[in-house]
Amino acid sequence: MQLGLVGLGRMGFNMRERLRAAGHDVVGYDRNPDVSDVASIAELVQKLAAPRIVWIMVPHGDPTRQTVEALAGLLDEGDLVIEGGNSKFTEDQANAALLAKKGVRYVDVGVSGGVWGAKNGYGLMAGGDAEDIQRAMPIFDALRPEGPREEGFAHAGPVGAGHYAKMVHNGIEYGLMQAYAEGFELLSASDVVTNVPATIKAWSRGTVVRSWLLDLLVRALEEDPELSELRGYVNDSGEGRWTVEEAINKAVPTPVITASLYARFASRQEDSPAMKAVAALRNQFGGHAVQKSED
Ligand SMILES: O=C(O)[C@H](O)[C@@H](O)[C@H](O)[C@H](O)COP(=O)(O)O
(Lines give C-alpha, C1' and ligand atoms only; values in the text may rest on other atoms or scores of the structure.)
Protein backbone atom coordinates (compact mmCIF):
# COMPACT_ATOMS: atom_id res chain seq x y z
CA MET A 1 0.00 0.00 0.00
CA GLN A 2 1.24 3.52 -0.76
CA LEU A 3 1.24 6.25 1.89
CA GLY A 4 2.80 9.57 2.74
CA LEU A 5 4.41 10.10 6.14
CA VAL A 6 4.96 13.65 7.39
CA GLY A 7 7.44 13.81 10.27
CA LEU A 8 10.53 11.57 10.40
CA GLY A 9 11.74 12.21 13.93
CA ARG A 10 12.40 9.49 16.52
CA MET A 11 8.97 7.94 15.94
CA GLY A 12 8.24 8.69 12.27
CA PHE A 13 11.68 7.59 11.06
CA ASN A 14 11.35 4.18 12.70
CA MET A 15 7.76 3.80 11.51
CA ARG A 16 8.88 4.40 7.92
CA GLU A 17 11.44 1.59 8.37
CA ARG A 18 8.85 -0.81 9.78
CA LEU A 19 6.30 0.03 7.08
CA ARG A 20 8.87 -0.44 4.31
CA ALA A 21 10.03 -3.73 5.82
CA ALA A 22 6.39 -4.89 5.56
CA GLY A 23 6.37 -4.01 1.85
CA HIS A 24 4.56 -0.67 1.94
CA ASP A 25 5.56 2.15 -0.39
CA VAL A 26 6.27 5.10 1.94
CA VAL A 27 7.03 8.64 0.79
CA GLY A 28 8.40 10.49 3.82
CA TYR A 29 8.70 14.21 4.36
CA ASP A 30 10.64 15.95 7.13
CA ARG A 31 12.03 19.46 7.50
CA ASN A 32 15.42 17.77 7.91
CA PRO A 33 16.55 17.10 4.30
CA ASP A 34 18.97 14.37 5.47
CA VAL A 35 16.07 12.03 6.21
CA SER A 36 13.39 13.37 3.84
CA ASP A 37 12.41 11.64 0.58
CA VAL A 38 10.92 14.84 -0.86
CA ALA A 39 11.53 18.58 -0.55
CA SER A 40 8.04 19.62 0.56
CA ILE A 41 4.61 18.40 1.64
CA ALA A 42 3.36 19.51 -1.79
CA GLU A 43 5.88 17.20 -3.48
CA LEU A 44 4.87 14.36 -1.15
CA VAL A 45 1.22 14.79 -2.16
CA GLN A 46 2.18 14.90 -5.86
CA LYS A 47 4.06 11.60 -5.55
CA LEU A 48 1.04 9.74 -4.16
CA ALA A 49 -1.60 8.21 -6.41
CA ALA A 50 -5.19 9.21 -5.53
CA PRO A 51 -7.01 8.35 -3.37
CA ARG A 52 -4.13 9.12 -1.01
CA ILE A 53 -3.35 8.27 2.60
CA VAL A 54 -1.08 10.65 4.55
CA TRP A 55 0.05 9.86 8.10
CA ILE A 56 1.10 12.84 10.28
CA MET A 57 3.77 12.18 12.93
CA VAL A 58 4.95 15.60 14.09
CA PRO A 59 4.95 17.20 17.59
CA HIS A 60 1.52 18.08 18.94
CA GLY A 61 0.12 21.61 18.97
CA ASP A 62 1.18 24.12 16.28
CA PRO A 63 3.30 21.72 14.18
CA THR A 64 0.37 19.28 13.87
CA ARG A 65 -2.16 22.06 13.24
CA GLN A 66 0.03 23.59 10.53
CA THR A 67 0.52 20.20 8.87
CA VAL A 68 -3.23 19.53 8.84
CA GLU A 69 -3.81 23.00 7.34
CA ALA A 70 -1.17 22.40 4.67
CA LEU A 71 -2.71 19.03 3.77
CA ALA A 72 -6.21 20.54 3.69
CA GLY A 73 -4.92 22.84 0.94
CA LEU A 74 -3.29 20.04 -1.06
CA LEU A 75 -5.46 16.92 -0.74
CA ASP A 76 -8.66 16.08 -2.60
CA GLU A 77 -11.98 14.40 -1.95
CA GLY A 78 -11.58 10.76 -0.90
CA ASP A 79 -8.07 11.20 0.51
CA LEU A 80 -7.45 10.15 4.12
CA VAL A 81 -5.36 11.84 6.81
CA ILE A 82 -4.19 9.79 9.82
CA GLU A 83 -2.97 11.89 12.74
CA GLY A 84 -0.64 9.69 14.79
CA GLY A 85 1.11 12.23 17.03
CA ASN A 86 0.52 12.73 20.74
CA SER A 87 -2.22 15.33 20.18
CA LYS A 88 -4.89 16.31 22.68
CA PHE A 89 -8.13 14.53 21.78
CA THR A 90 -10.04 17.83 21.75
CA GLU A 91 -8.10 18.93 18.65
CA ASP A 92 -9.27 16.04 16.50
CA GLN A 93 -12.75 17.40 15.85
CA ALA A 94 -11.30 20.66 14.48
CA ASN A 95 -8.82 18.77 12.29
CA ALA A 96 -11.57 16.49 10.96
CA ALA A 97 -13.90 19.45 10.27
CA LEU A 98 -11.22 21.39 8.39
CA LEU A 99 -10.41 18.40 6.17
CA ALA A 100 -14.08 17.49 5.72
CA LYS A 101 -14.62 20.81 3.88
CA LYS A 102 -12.53 19.28 1.07
CA GLY A 103 -14.10 15.83 1.44
CA VAL A 104 -10.90 14.53 3.05
CA ARG A 105 -11.40 11.80 5.67
CA TYR A 106 -9.72 11.82 9.11
CA VAL A 107 -8.61 9.17 11.59
CA ASP A 108 -6.70 9.81 14.83
CA VAL A 109 -4.36 7.20 16.26
CA GLY A 110 -2.58 6.96 19.58
CA VAL A 111 0.76 5.26 19.01
CA SER A 112 2.70 3.70 21.87
CA GLY A 113 6.03 1.95 21.89
CA GLY A 114 8.67 4.66 21.77
CA VAL A 115 12.01 3.90 20.15
CA TRP A 116 11.42 0.17 20.68
CA GLY A 117 8.43 0.16 18.36
CA ALA A 118 10.57 -0.26 15.25
CA LYS A 119 11.51 -3.77 16.40
CA ASN A 120 8.62 -4.76 18.70
CA GLY A 121 5.76 -3.03 16.91
CA TYR A 122 3.55 -0.21 18.17
CA GLY A 123 0.41 -0.41 20.27
CA LEU A 124 -2.28 1.45 18.30
CA MET A 125 -5.58 3.04 19.37
CA ALA A 126 -7.66 4.49 16.53
CA GLY A 127 -10.60 6.89 16.36
CA GLY A 128 -12.76 7.46 13.29
CA ASP A 129 -15.36 5.92 10.99
CA ALA A 130 -15.21 2.14 10.55
CA GLU A 131 -14.73 2.37 6.77
CA ASP A 132 -11.75 4.73 7.13
CA ILE A 133 -10.17 2.50 9.77
CA GLN A 134 -10.72 -0.55 7.57
CA ARG A 135 -9.11 1.20 4.63
CA ALA A 136 -5.95 1.89 6.67
CA MET A 137 -5.86 -1.58 8.26
CA PRO A 138 -2.87 -2.83 6.17
CA ILE A 139 -0.88 0.07 7.60
CA PHE A 140 -2.04 -0.62 11.17
CA ASP A 141 -1.26 -4.32 10.71
CA ALA A 142 2.29 -3.50 9.62
CA LEU A 143 2.89 -1.16 12.56
CA ARG A 144 1.31 -3.17 15.38
CA PRO A 145 3.14 -6.03 17.12
CA GLU A 146 2.86 -9.52 15.68
CA GLY A 147 0.13 -11.65 17.20
CA PRO A 148 -3.64 -11.24 17.48
CA ARG A 149 -4.77 -7.85 16.16
CA GLU A 150 -6.89 -7.14 19.21
CA GLU A 151 -3.82 -7.33 21.46
CA GLY A 152 -2.06 -4.48 19.66
CA PHE A 153 -4.81 -2.51 17.94
CA ALA A 154 -8.18 -1.10 18.92
CA HIS A 155 -10.80 0.86 17.04
CA ALA A 156 -11.60 2.79 20.21
CA GLY A 157 -14.51 4.89 18.92
CA PRO A 158 -15.27 7.91 16.70
CA VAL A 159 -12.82 10.72 15.82
CA GLY A 160 -10.93 11.72 19.00
CA ALA A 161 -11.17 8.29 20.64
CA GLY A 162 -7.67 7.25 19.58
CA HIS A 163 -6.03 10.22 21.23
CA TYR A 164 -8.34 9.94 24.25
CA ALA A 165 -7.25 6.33 24.71
CA LYS A 166 -3.57 7.30 24.34
CA MET A 167 -4.04 10.10 26.89
CA VAL A 168 -5.37 7.65 29.48
CA HIS A 169 -2.62 5.16 28.57
CA ASN A 170 -0.03 7.83 29.28
CA GLY A 171 -1.67 8.79 32.57
CA ILE A 172 -1.32 5.14 33.59
CA GLU A 173 2.28 5.24 32.34
CA TYR A 174 2.99 8.17 34.73
CA GLY A 175 1.50 6.31 37.70
CA LEU A 176 3.28 3.03 36.99
CA MET A 177 6.63 4.71 36.56
CA GLN A 178 6.16 6.67 39.78
CA ALA A 179 5.32 3.52 41.77
CA TYR A 180 8.44 1.71 40.52
CA ALA A 181 10.50 4.84 41.17
CA GLU A 182 9.28 5.18 44.76
CA GLY A 183 9.99 1.49 45.39
CA PHE A 184 13.50 1.99 44.01
CA GLU A 185 14.08 4.95 46.36
CA LEU A 186 12.82 3.05 49.41
CA LEU A 187 14.97 0.00 48.60
CA SER A 188 17.96 2.32 48.14
CA ALA A 189 17.31 3.94 51.52
CA SER A 190 17.09 0.54 53.24
CA ASP A 191 19.71 -0.65 55.71
CA VAL A 192 18.63 -4.25 55.09
CA VAL A 193 18.50 -4.64 51.32
CA THR A 194 22.07 -4.36 50.07
CA ASN A 195 21.64 -5.25 46.39
CA VAL A 196 18.92 -3.08 44.88
CA PRO A 197 19.49 -3.81 41.15
CA ALA A 198 19.45 -7.58 41.82
CA THR A 199 16.27 -7.30 43.88
CA ILE A 200 14.46 -5.37 41.17
CA LYS A 201 15.76 -7.73 38.47
CA ALA A 202 14.38 -10.68 40.44
CA TRP A 203 10.92 -9.13 40.11
CA SER A 204 11.14 -9.55 36.31
CA ARG A 205 9.74 -13.07 36.20
CA GLY A 206 6.88 -14.56 38.11
CA THR A 207 6.05 -11.62 40.36
CA VAL A 208 2.85 -9.66 40.42
CA VAL A 209 4.67 -6.44 39.46
CA ARG A 210 6.59 -7.77 36.42
CA SER A 211 6.13 -5.58 33.35
CA TRP A 212 7.92 -3.98 30.40
CA LEU A 213 8.44 -0.78 32.37
CA LEU A 214 10.06 -2.86 35.13
CA ASP A 215 12.29 -4.53 32.48
CA LEU A 216 13.36 -1.04 31.37
CA LEU A 217 14.18 -0.10 34.99
CA VAL A 218 16.30 -3.26 35.26
CA ARG A 219 18.08 -2.21 32.07
CA ALA A 220 18.69 1.32 33.38
CA LEU A 221 20.11 -0.07 36.64
CA GLU A 222 22.41 -2.40 34.72
CA GLU A 223 23.82 0.67 32.98
CA ASP A 224 24.04 2.79 36.17
CA PRO A 225 23.23 0.79 39.36
CA GLU A 226 22.52 3.84 41.53
CA LEU A 227 21.37 6.12 38.69
CA SER A 228 24.18 8.37 39.89
CA GLU A 229 24.75 9.84 36.44
CA LEU A 230 21.23 11.30 36.28
CA ARG A 231 19.57 14.31 37.86
CA GLY A 232 16.11 13.72 39.29
CA TYR A 233 14.52 16.15 36.83
CA VAL A 234 11.52 14.99 34.79
CA ASN A 235 9.72 16.80 31.98
CA ASP A 236 6.23 16.14 30.69
CA SER A 237 4.80 16.59 27.21
CA GLY A 238 1.15 17.20 28.11
CA GLU A 239 -0.60 13.84 28.19
CA GLY A 240 -0.50 13.55 32.01
CA ARG A 241 -1.90 17.06 32.45
CA TRP A 242 -4.71 16.32 29.99
CA THR A 243 -5.53 13.10 31.84
CA VAL A 244 -5.85 15.01 35.12
CA GLU A 245 -7.86 17.82 33.47
CA GLU A 246 -10.25 15.28 31.96
CA ALA A 247 -10.56 13.42 35.28
CA ILE A 248 -11.54 16.69 36.94
CA ASN A 249 -14.05 17.43 34.15
CA LYS A 250 -15.62 14.01 34.66
CA ALA A 251 -15.23 14.03 38.48
CA VAL A 252 -13.27 10.79 38.30
CA PRO A 253 -10.83 10.41 41.20
CA THR A 254 -7.31 9.82 39.85
CA PRO A 255 -5.09 10.35 42.91
CA VAL A 256 -2.20 8.16 41.71
CA ILE A 257 -1.94 9.73 38.25
CA THR A 258 -2.34 13.23 39.70
CA ALA A 259 0.34 12.66 42.35
CA SER A 260 2.73 11.30 39.72
CA LEU A 261 2.22 14.42 37.59
CA TYR A 262 2.86 16.65 40.62
CA ALA A 263 6.00 14.64 41.46
CA ARG A 264 7.36 15.67 38.06
CA PHE A 265 6.61 19.34 38.76
CA ALA A 266 8.38 19.05 42.13
CA SER A 267 11.39 17.43 40.42
CA ARG A 268 12.03 20.68 38.54
CA GLN A 269 12.29 22.90 41.61
CA GLU A 270 15.69 23.78 43.06
CA ASP A 271 13.91 24.62 46.29
CA SER A 272 10.22 24.55 47.13
CA PRO A 273 8.47 27.84 47.94
CA ALA A 274 5.60 25.81 49.42
CA MET A 275 7.89 23.90 51.76
CA LYS A 276 9.58 27.17 52.76
CA ALA A 277 6.12 28.37 53.79
CA VAL A 278 5.52 25.16 55.78
CA ALA A 279 8.89 25.58 57.54
CA ALA A 280 8.09 29.25 58.27
CA LEU A 281 4.65 28.43 59.71
CA ARG A 282 6.00 25.59 61.85
CA ASN A 283 8.58 28.03 63.16
CA GLN A 284 5.93 30.70 63.81
CA PHE A 285 3.53 28.56 65.80
CA GLY A 286 5.94 26.17 67.48
CA GLY A 287 9.30 27.86 67.45
CA HIS A 288 10.63 24.84 65.54
CA ALA A 289 14.07 25.27 64.02
CA VAL A 290 14.38 26.24 60.37
CA GLN A 291 17.29 25.90 57.99
CA LYS A 292 18.44 29.11 56.31
CA SER A 293 19.06 29.05 52.57
CA GLU A 294 22.83 29.26 53.00
CA ASP A 295 22.82 26.14 55.29
O1 LIG B 1 3.48 5.22 24.89
C2 LIG B 1 4.54 5.73 24.54
O3 LIG B 1 5.24 5.31 23.63
C4 LIG B 1 5.00 6.94 25.28
O5 LIG B 1 3.99 7.37 26.15
C6 LIG B 1 5.34 8.04 24.33
O7 LIG B 1 4.17 8.49 23.72
C8 LIG B 1 6.15 9.17 24.92
O9 LIG B 1 7.36 8.70 25.42
C10 LIG B 1 5.38 9.91 25.96
O11 LIG B 1 4.46 10.73 25.31
C12 LIG B 1 6.23 10.77 26.86
O13 LIG B 1 5.35 11.52 27.61
P14 LIG B 1 5.81 12.53 28.69
O15 LIG B 1 6.84 13.44 28.03
O16 LIG B 1 4.60 13.29 29.09
O17 LIG B 1 6.43 11.73 29.78
Side-chain angles (χ1 to χ4, degrees), residues 1-3 5 10-12 14-26 53-57 60 80-93 95-96 105-177 179 204-216 239-240 242-243 246-247 250 252 254 256-257:
M1 183 172 231
Q2 193 188 39
L3 79 149
L5 179 56
R10 266 196 311 251
M11 290 295 285
N14 284 339
M15 288 165 65
R16 179 175 62 178
E17 298 298 298
R18 193 171 168 89
L19 287 162
R20 282 183 177 160
H24 294 295
D25 173 13
V26 187
I53 298 182
V54 181
W55 186 300
I56 302 174
M57 209 64 200
H60 72 78
L80 170 65
V81 169
I82 304 174
E83 209 293 85
N86 269 343
S87 295
K88 194 172 181 184
F89 73 95
T90 49
E91 293 179 4
D92 289 312
Q93 285 298 343
N95 290 341
R105 313 290 307 167
Y106 182 84
V107 164
D108 61 285
V109 185
V111 179
S112 180
V115 292
W116 296 78
K119 179 167 161 271
N120 298 344
Y122 302 88
L124 304 173
M125 303 133 249
D129 286 355
E131 66 208 65
D132 297 326
I133 305 264
Q134 208 46 48
R135 180 171 158 197
M137 199 57 87
I139 299 168
F140 299 142
D141 279 342
L143 289 174
R144 69 174 175 80
E146 283 168 24
R149 183 183 285 159
E150 61 274 19
E151 291 180 10
F153 173 87
H155 178 192
V159 164
H163 283 137
Y164 195 106
K166 180 67 180 3
M167 174 188 77
V168 176
H169 165 281
N170 278 37
I172 294 168
E173 182 180 293
Y174 279 44
L176 286 173
M177 286 198 286
S204 307
R205 304 280 168 265
T207 72
V208 169
V209 299
R210 67 191 187 272
S211 75
W212 188 58
L213 279 174
L214 184 80
D215 294 345
L216 294 179
E239 301 265 10
W242 306 333
T243 309
E246 180 64 4
K250 295 268 187 287
V252 172
T254 52
V256 170
I257 294 171

Atom of N95, atom of E83 and distance for their closest heavy-atom approach: ND2-CG, 4.4 Å
Exceeds 12 heavy-atom contacts within 6.0 angstrom, atom CZ of R10: no
Salt bridge (charged side-chain N to carboxylate O under 4.0 Å, His left out) partners of R144, counting only residues at least two apart: D141
Nearest-0.5 Å distance, CE of residue M1 to CE of residue M137: 11.0 Å
Residue list, side chain to side chain contact (heavy atoms under 4.5 Å, CB included) with V209, at least two apart or on another chain: Y180, W203, T207
M57 and V111, any side-chain heavy atoms less than 4.5 Å apart: yes
For G12 against L5, the heavy-atom pair lying closest together: O-CD2, 3.4 Å
Interatomic spacing from CD1 in I53 to CZ in R105 - rounded to 0.5 Å: 12.5 Å
From CG (L80) to CD1 (I139), nearest 0.5 Å: 7.5 Å
Partners meeting side chain to side chain contact (heavy atoms under 4.5 Å, CB included) with H155 (sequence neighbours left out): A130, I133, F153
Test of ring centre spacing under 6.0 Å for H163 and W242: no
Residue pair R16 / V26: nearest heavy atoms and the distance that separates them: CG-CG1, 3.9 Å
Partner residues of D25 under the side chain to side chain contact (heavy atoms under 4.5 Å, CB included) criterion, sequence neighbours left out: Q2
Residues forming a side-chain hydrogen bond (donor to acceptor under 3.5 Å, both in side chains) with Y122, sequence neighbours excluded: none
I257 side, atom CD1; T243 side, atom OG1 - distance, nearest 0.5 Å: 6.0 Å
Results of side chain to side chain contact (heavy atoms under 4.5 Å, CB included) for E173 - residues two or more places apart only: H169, N170, M177
pair F89-D108: side-chain heavy atoms closer than 4.5 Å: no
Minimum heavy-atom distance A165-A156, with the two atoms named: CB-CB, 4.4 Å
Distance, nearest 0.5 Å, that separates CD1 of I172 from CG of L213: 11.0 Å
Separation between CD of Q134 and CZ of F140, rounded to the nearest 0.5 Å: 9.5 Å
Residues K166, E239; criterion side-chain contact (heavy atoms from CB on, under 4.5 Å); working and verdict: CA-CA 8 Å; K166 180 67 180 3; E239 301 265 10; 4.0 Å; yes
Expected output: side-chain R210 to main-chain R205 donor-acceptor under 3.5 Å: no
4.5 Å side-chain heavy-atom contact, W55 and L143: yes
Taking every non-hydrogen atom, the tightest pair across Y174 and G240: OH-N, 3.5 Å
Least distance between heavy atoms, N120 atom then P145 atom: O-CB, 3.4 Å
